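One structure below.
The chains referred to below are lettered A, B, ... by the order of the sequence lines, with proteins before strands, and numbering in each begins at 1. Only heavy atoms go into these numbers, but all of them, side chains included; no hydrogens, no water, no symmetry mates. Please read all numbers here as calculations on a predicted model, not as lab measurements.
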Number of protein chains: 2
Amino acid sequence: MTKLINERCDVIPALARAFRKHGFDAASLSVITKETGLGKGSLYHFFPEGKEEMARAVLTEVDTWFELNVFAPLREEEDAGGAIADMFDKTEAYFYSGQRVCLFGVLALVEARERFKGAVRCYFAKWQSALTQALVRDGCDADEAEELSEDAVSGIQGALVLCRAMDDPQIFGRVLRRWKERLMIELDN
Amino acid sequence: MTKLINERCDVIPALARAFRKHGFDAASLSVITKETGLGKGSLYHFFPEGKEEMARAVLTEVDTWFELNVFAPLREEEDAGGAIADMFDKTEAYFYSGQRVCLFGVLALVEARERFKGAVRCYFAKWQSALTQALVRDGCDADEAEELSEDAVSGIQGALVLCRAMDDPQIFGRVLRRWKERLMIELDN
DNA sequence: GTCTATAAAGCGATAGAC
DNA sequence: GTCTATCGCTTTATAGAC
């Protein structure tokens with residue numbers, strides 16, 4: 001049996017858990033140590049620049065997942081309506097129906113965001129732009145597509161906030177389902 | 001001329017700035033000291049239980065403002081449609097058109113929320129319930145009102161997240177304006 | 001590659017002078 | 001009511017043994 005952790009990328013899921021749970025500042029190295037099961041020595045071996053590099057690695061990993069599974073299909077799939085429906089399903093699955101927060105969203109709100117400004121902006125810009133493209137490809141007016149995607153992307157983030165605030169993960173699925181319907185109705189017109 | 005700060009409530013705006021900027025954990029006492037211009041001695045004089053009491057005082061203040069200016073009118077105003085339109089205007093003004101974050105939203109996302117669970121939940125529950133009541137009073141079906149208010153309240157929070165993420169405060173006004181229209185159209189049916 | 005030990009700085013909170 | 005000094009603890013980061 002091989003070792004559980006022998007590459008940088010093996011630690012990323014545990015790092016993601018730590019940052020999602022506590023945000024950037026409150027995710028101390030002792031928290032990260034517990035979550036990953038690795039001592040400081042090992043952590044600094046994989047991430048010589050420390051905590052910021054750890055967070056950045058997680059963000060890159062999340063961004064790559066969305067690019068592959070959500071953004072690219074929205075931009076390229078021939079069946080644009082199907083890609084949009086798929087986006088909602090994949091998104092609901094990714095966030096474990098509202099039990100997981102969005103790390104980009106968490107990092108966007110407070111001062112720590114200055115460190116990750118570029119990555120955060122890029123992630124949301126890609127999401128909105130990809131959704132806009134899918135809507136346009138399916139016959140939606142360009143200006144209206146821009147507006148709808150802005151509302152839908154912020155609606156998804158807001159649903160994650162409301163889930164945590166109300167301690168009710170079901171909110172996420174409900175809000176997503178209704179946004180899906182709203183976009184589909186728009187495409188029928 | 002009287003002193004600028006001689007009561008607990010005089011420090012609250014500065015405390016709110018500190019917590020909005022950094023969240024709870026990263027708003028250290030030295031940050032708070034700078035923002036308020038008060039030494040630790042004075043701060044502990046006004047808030048003997050320390051940082052948590054400071055944050056709680058800010059939340060109470062914000063909650064009271066919304067109760068008076070937004071929630072109560074939604075529940076009680078005779079002109080329910082007008083109260084809803086007013087909610088959006090007051091909300092946009094309160095959050096300085098997206099330049100200010102929602103402290104309840106910030107505290108909802110990470111582990112620190114455990115400390116303020118009750119207050120956070122109560123704030124959002126009141127908002128959603130008050131908006132639902134206004135929609136129903138104006139002729140909206142009860143189930144649909146429940147759904148619309150969930151979507152609108154989360155839409156507002158999400159718009160604040162997206163503003164920060166994209167570093168574009170204008171997003172807030174746009175999203176709010178469209179939600180206002182969506183609710184108004186619903187009432188016309 | 002992983003650990004322990006340790007450094008230097010910052011943390012929340014308290015005490016006591018004024 | 002406000003300050004400074006200080007406590008004990010935790011923080012990030014490094015060094016060096018293994």
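Each of Lys40(A) and Gly41(B) was matched to the nucleotide of DNA chain D holding its nearest heavy atom; the match closer to the 5' end belongs to Gly41(B). Comparing Gly39(B) and Lys51(A) by the nucleotide of DNA chain D whose heavy atom lies nearest to each, the residue mapping closer to the 5' end is Gly39(B).
At least one side-chain nitrogen or oxygen of His45(B) sits closer than 4.0 Å to the OP1 or OP2 atom of dG1(D).
Under the 6.0 Å cut-off for aromatic ring centres, Phe24(B) and Phe116(B) qualify, their centroids lying closer than that. Here the two rings, on Trp179(B) and Phe88(B), have centers that are 6.0 Å apart or farther. Here the two rings, on Phe172(A) and Tyr96(A), have centers that are 6.0 Å apart or farther.
Atoms CG (Leu43(B)) and C1' (dC3(D)) sit 12 Å apart, rounded to a whole Å. In this structure, CZ of Phe47(B) is placed 12 Å from P of dT2(D), rounded to the nearest angstrom. In this structure, NE2 of His22(A) is placed 12 Å from P of dT12(D), rounded to the nearest angstrom.
Geometrically, Lys126(A) does not engage Phe66(A) in a cation-pi contact defined by less than 6.0 Å to the ring centre and at most 45° from the axis. Both cation-pi conditions hold for Arg100(A) and Tyr94(A): the charged atom is under 6.0 angstrom from the six-membered ring centre and inside a 45 degree cone around its axis.
To the nearest 0.5 Å, atom CG of residue Leu162(B) and atom CZ of residue Arg121(A) are 11.0 Å apart.
Listed candidates were dT2(D), dT12(D), dT2(C). Nearest to the side chain of Leu38(A) is dT2(C). Nearest to the side-chain atoms of Tyr44(B) among the listed nucleotides dA13(C), dT2(C), dT2(D) stands dA13(C).
Remark: Ala27(A), Ser28(A), Leu29(A), Ser30(A) in residues 23-30 of chain A come within less than 4.0 Å of DNA chain D through at least one heavy atom.
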